[in-house]
Visitor: 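What follows is a structure written as structure tokens; I'll ask about it next.
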Amino acid sequence: LALFSDGVPEAQNTGGDEFGEDRLLDLVRAKQSLPAASIVAETFKEIDAFAGDAPQFDDITMLVVKRLT
């Protein structure tokens with residue numbers, strides 16, 4: 001389960017392009033085998049790389065919960 005504020009997919013780069021929900025979903029799916037905390041860390045790392053020098057204009061909050069088997 002991945003919960004996030006609107007600031008995650010709406011994070012923008014210097015060209016005004018948004019990170020987007022599709023990119024976020026692809027990223028979370030690709031990292032789903034990692035521990036929850038690592039999924040969050042990897043997502044924030046990707047957002048930072050995407051945004052580059054663009055200023056952050058909204059909160060970026062994410063919570064990932066995984067079921068243990």
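Just so it is clear, the structure is predicted and the values come from calculations on it, not from any experiment.
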Visitor: Please enumerate all residues that pass salt bridge (charged side-chain N to carboxylate O under 4.0 Å, His left out) together with Lys45, with sequence neighbours excluded.
Guide: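 Salt bridge (charged side-chain N to carboxylate O under 4.0 Å, His left out) list for Lys45, sorted by chain: Glu42.
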Visitor: For a quick test of your reading: what N or O donor-acceptor pairs under 3.5 Å do the side chains of residues 24-35 make, sequence neighbours left out?
Guide:
none

Visitor: List the residues meeting side chain to side chain contact (heavy atoms under 4.5 Å, CB included) with Thr14, not counting sequence neighbours, and say none if there are none.
Guide: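 Partners of Thr14 under the side chain to side chain contact (heavy atoms under 4.5 Å, CB included) test: Asp53, Ala54.
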Visitor: Please name all residues satisfying side-chain hydrogen bond (donor to acceptor under 3.5 Å, both in side chains) with Thr61, sequence neighbours left out, ordered by chain then number.
Guide: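 Here the qualifying residues are Asp59.
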Visitor: Would you check if Ile39 and Lys66 make a side-chain contact, meaning some heavy-atom pair closer than 4.5 Å?
Guide: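 Sidechains of Lys66 and Ile39: in contact.
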Visitor: Tell me, which pairs form a ring pair (Phe, Tyr, Trp, His ring centres under 6.0 Å) where one or both residues lie in residues 18-60, sequence neighbours left out?
Guide: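 As it turns out, the ring pair (Phe, Tyr, Trp, His ring centres under 6.0 Å) pairs with a partner in residues 18-60, which skip direct neighbours, are Phe19-Phe50.
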Visitor: With a 4.5 Å heavy-atom cut-off, do Leu1 and Val64 have their side chains touching?
Guide: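 They are not in contact (no side-chain heavy atoms under 4.5 Å apart), so the answer is no.
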Visitor: Looking at CZ of Phe4 and OG1 of Thr43, how far apart are the two atoms once the value is rounded to the nearest 0.5 Å?
Guide: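 The CZ atom of Phe4 sits 10.0 Å away from the OG1 atom of Thr43.
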Visitor: Is atom CD of Glu10 surrounded by more than 12 heavy atoms (other residues, nucleotides or ligands) closer than 6.0 Å?
Guide: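 Result for CD/Glu10: enclosed.
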Visitor: Ignoring hydrogens and angles, tell me if any N or O in the side chain of Glu18 forms a donor-acceptor pair with the backbone of Gly20 under 3.5 Å.
Guide: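 Such a contact is absent between Glu18 side chain and Gly20 backbone.
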